[in-house]
Trainee: 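I'd like to ask you about the structure that follows.
Chain letters run A, B, ... following the sequence lines, proteins first and then strands; every chain starts at 1.
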Amino acid sequence: MKQVRTRFAPSPTGFLHIGGLRTALYAWLYAKQNDGVFVLRVEDTDQGREVEGAKQVIYSTLRATGLTYDEGPDVGGDFGPYIQSERKQIYADHAQTLIDSRAAYRCFCTKERLADERRKAEKSGRNYTYDMHCLGLSEQDIQDKLTAGETFVVRQNIPKDGDTTYSDAVFGDITVPNSDLDDNVLLKTDGMPTYNLANVVDDHLMGITHVIRGVEYLSSTPKYNHLYRAFGWTLPRYIHLPVVMKDKQRKLSKRHGDASFDDFIKKGYLKEALLNYIALLGWSPGTDQEIFTLEGLTKAFSISGLSKSPAIFDTDKLTWMNAQYIRALSEADFIATAMPYFKECGADAFDLKLITQIMQPRLETLTEIPVKLAFLSKMPEFSQQMYFHKRMKTDAQTSLPVLKEALSLLTAHEDYSMEPLKEALMGLVEKLEIKNGQLLWPLRVAITGTQVTPGGAVEAACLLGKEETLNRLKASIAKNK
RNA sequence: GGCCCCUUGGUCAAGUGGUUAAGACACCGCCCUUUCACGGCGGUAACAGGAGUUCAACUCUCCUAGGGGUCACCA
């Protein structure tokens with residue numbers, strides 16, 4: 001059997017968005033699963049839309065996520081070049097082949113005439129398709145226009161009678177009347193091909209066996225098939241993916257900045273979690289398993305698990321999954337991953353192992369770290385009302401004597417590691433014949449200036465250490481009048 | 001609007017003629033508890049509507065509605 005070859009063919013028009021990344025993921029998975037080859041091809045035939053640096057973003061994102069390509073612009077391969085703008089001559093040659101066999105024709109129509117025709121069609125409620133005006137040009141007419149230097153495009157010549165049935169692995173067989181198929185432009189005035197020509201030529205020349213792409217290409221697939229036939233080429237297997245939606249009405253788009261891989265990383269998501277989540281958007285393994293490594297996905301992936309309907313991107317679920325990934329990190333990995341955030345709030349000066357123990361089960365995204373740990377490097381101003389706790393029946397007044405007791409205990413106490421510290425404090429609770437919370441609640445407030453902290457008073461004191469704990473406690477007692 | 005496609009709880013989804021219609025997220029409650037989490041237990045919630053076919057329809061067919069895609073010298 002022929003070796004499976006899939007490709008990811010993005011346009012360098014900006015950052016890599018989530019939908020694109022998912023397409024790349026599926027194409028990669030399918031290739032790897034079948035011991036095939038995954039190719040990256042950059043589709044930059046629209047000179048005007050290219051964004052500076054976008055190619056690099058594509059390369060780096062694919063590398064960062066582990067979706068490495070076997071062939072591509074910056075890694076080479078036997079079927080290059082892998083950047084379409086560098087393949088201009090190839091497309092021109094193929095367009096000529098089509099013209100020679102009358103599967104395509106030159107069109108000299110001006111944009112004005114086309115716009116006019118379109119307007120007329122719309123006015124009369126008719127559906128616009130190109131009227132094939134230039135198909136009727138005689139050989140002489142064409143030569144005359146050519147020598148006169150008129151610019152032209154090359155259009156696909158699609159027979160308008162009969163139907164075309166095409167096949168997609170997820171949507172099944174679809175039949176459309178050929179009269180609905182427009183004679184689209186294959187080669188533009190500037191000599192660059194359109195997607196219509198380039199994708200067919202490249203997919204064939206690069207030996208792509210499975211075309212995996214978004215549904216937006218589904219309805220023009222019969223046109224591509226006519227091209228394959230005109231060239232005498234074998235059709236690839238098509239696998240069209242449902243769109244990823246932002247909500248019921250709107251799809252996740254590059255605009256609004258809500259959909260790029262980089263954005264999610266900046267918001268504190270782990271790339272592994274993101275990849276795992278998008279794998280499950282529009283695809284189901286058919287089992288209850290939800291947490292997958294890339295390797296696990298490679299084994300589990302199946303085309304039959306792909307869904308046909310659009311899927312709404314659910315940030316809540318992604319966040320949950322991110323928390324799962326954070327918790328699963330080893331201590332060393334967690335510290336390394338969280339380090340930039342520790343530094344941001346000065347937490348890197350404290351016991352990172354203990355911080356890891358406290359923070360890891362409490363985080364959903366990395367960006368929560370600085371806000372949760374802010375109290376460590378700086379004692380916040382706080383209100384005396386924070387001592388109030390209804391269930392424990394504490395307030396600033398009742399807390400004062402307890403805090404004084406705590407101060408003398410903590411002054412005498414030497415070992416500020418968790419267990420001994422906790423034991424000592426619990427001993428005080430027993431001695432004073434109060435509830436845990438009647439000591440620990442006010443104590444946390446007094447040494448962190450915060451009512452809500454990751455962990456409790458014991459953890460806080462342990463992290464702060466004896467000196468800082470006592471300083472804060474004395475200062476808080478002094479303020480409590 | 002034409003053409004094509006889709007339709008199970010708020011969301012992701014399993015289900016391929018006979019099920020008490022899974023599971024996960026979210027939400028709610030309880031337990032744990034010095035706060036916040038973690039964890040544990042439990043709960044609310046769905047086959048878009050209508051005709052058929054069939055002994056039997058979430059599963060098949062048709063219609064309606066809703067949603068999506070597409071109709072570029074963009075990909």
Trainee: Rounded to the nearest angstrom, tell me the gap between atom NZ in K251(A) and atom C1' in rG67(B).
Mentor: 14 Å
Trainee: Given that both distances must come in under 3.5 Å, which nucleotide forms a Watson-Crick or G-U wobble pair with rA14(B)?
Mentor: none
Trainee: Whole angstroms only, please: what is the OH-C1' distance between Y224(A) and rC74(B)?
Mentor: 11 Å
Trainee: Does rC25(B) have OP1 or OP2 under 4.0 Å away from a side-chain N or O of W320(A)?
Mentor: yes
Trainee: Report the base-pairing partner of rC27(B) (Watson-Crick or G-U wobble, both distances below 3.5 angstrom), or none.
Mentor: rG43(B)
Trainee: What's the NZ-C1' distance between K160(A) and rC71(B), to the nearest Å?
Mentor: 14 Å
Trainee: Hey, does L425(A) have a side-chain heavy atom less than 4.5 Å from the side chain of L410(A)?
Mentor: yes
Trainee: Nearest whole angstrom, please: distance from the C1' of rA37(B) to the CD of E459(A).
Mentor: 11 Å
Trainee: Both distances under 3.5 Å, Watson-Crick or G-U wobble: report the partner of rC71(B), or none.
Mentor: rG1(B)
Trainee: Using 30° and 60° as the class boundaries, would you call the ring planes of Y416(A) and H413(A) parallel, tilted or perpendicular?
Mentor: tilted
Trainee: When all nucleic acid strands are considered with a 4.0 Å heavy-atom cut-off, which category describes S284(A): base, sugar-phosphate, or nothing?
Mentor: sugar-phosphate
Trainee: Quick one: on RNA chain B, does R155(A) or G282(A) contact a more 5' nucleotide (nearest heavy atom)?
Mentor: G282(A)
Trainee: Can you tell me how far the OH atom of Y325(A) sits from the OG1 atom of T293(A), to the nearest 0.5 Å?
Mentor: 7.0 Å
Trainee: Taking only the side-chain nitrogens and oxygens of K123(A), find out if one of them lies under 4.0 Å from OP1 or OP2 of rG1(B).
Mentor: no
Trainee: OP1, OP2 of rU34(B) versus side-chain N and O of R391(A): anything below 4.0 Å?
Mentor: no
Trainee: Taking any strand in view, what nucleotide pairs with rU59(B) in a Watson-Crick or G-U wobble way, both distances under 3.5 Å?
Mentor: none
Trainee: Taking the P atom of each, how far is rA37(B) from rC28(B), in whole Å?
Mentor: 11 Å
Trainee: When we call it a touch if two heavy atoms are under 4.0 Å apart, what does T45(A) touch: a base, just sugar-phosphate, or nothing?
Mentor: sugar-phosphate
Trainee: Output one line per pair: protein atom, nucleotide atom from nucleotides 2-7 of chain B, and distance, for all N/O pairs under 3.5 Å.
Mentor:
none

Trainee: Would you say a side-chain N or O of K188(A) is under 4.0 Å from OP1 or OP2 of rC74(B)?
Mentor: yes
Trainee: What is the nucleic acid contact for E122(A), judged by heavy atoms within less than 4.0 Å: base, sugar-phosphate only, or nothing?
Mentor: nothing
Trainee: Which nucleotide in the set rG67(B), rA26(B), rU34(B) lies at the smallest distance from any side-chain heavy atom of D316(A)?
Mentor: rA26(B)
Trainee: Expressed in whole Å, how much space separates the P atoms belonging to rA45(B) and rA21(B)?
Mentor: 14 Å
Trainee: Look at all strands and tell whether M321(A) reaches a base, only sugar-phosphate, or nothing, counting heavy atoms closer than 4.0 Å.
Mentor: nothing
Trainee: Considering only rG69(B), rC74(B), rC25(B), which nucleotide approaches the side chain of T194(A) most closely?
Mentor: rC74(B)
Trainee: Could you verify whether a donor N or O on one side chain and an acceptor N or O on the other, from Y269(A) and T319(A), lie under 3.5 Å apart?
Mentor: yes
Trainee: With both distances kept under 3.5 Å, what pairs with rC32(B), Watson-Crick or G-U wobble?
Mentor: none
Trainee: Rounded to whole angstrom, note down the C1' distance from rG23(B) over to rA46(B).
Mentor: 14 Å
Trainee: Between atom CG in D168(A) and atom P in rU70(B), what is the gap in whole Å?
Mentor: 15 Å
Trainee: Can you confirm whether the side chains of K223(A) and N184(A) place a donor and an acceptor under 3.5 Å from each other?
Mentor: yes
Trainee: Under the side-chain hydrogen bond (donor to acceptor under 3.5 Å, both in side chains) criterion, do Y91(A) and D202(A) qualify, and how do the steps go?
Mentor: CA-CA 9 Å; Y91(A) 307 120; D202(A) 286 346; 2.5 Å; yes
Trainee: NZ of K393(A) versus P of rU34(B): gap in Å, rounded?
Mentor: 15 Å
Trainee: Mind checking if V185(A) touches a base, just sugar-phosphate, or nothing, with heavy atoms under 4.0 Å?
Mentor: sugar-phosphate
Trainee: For V153(A), report the nucleic acid contact type (base, sugar-phosphate, nothing); a contact means any heavy atom under 4.0 Å.
Mentor: base
Trainee: Of the nucleotides rG68(B), rC74(B), rC12(B), which one has an atom closest to the side chain of M245(A)?
Mentor: rG68(B)
Trainee: Which way is the base of rC38(B) turned, syn or anti, if we draw the line at 90° from 0?
Mentor: syn
Trainee: Can you tell which of rC38(B), rU35(B), rC73(B) lies closest to the side chain of L114(A)?
Mentor: rC73(B)
Trainee: Verify the distance criterion only: is there a donor paired with an acceptor across the side chains of D183(A) and Y105(A) at less than 3.5 Å?
Mentor: yes
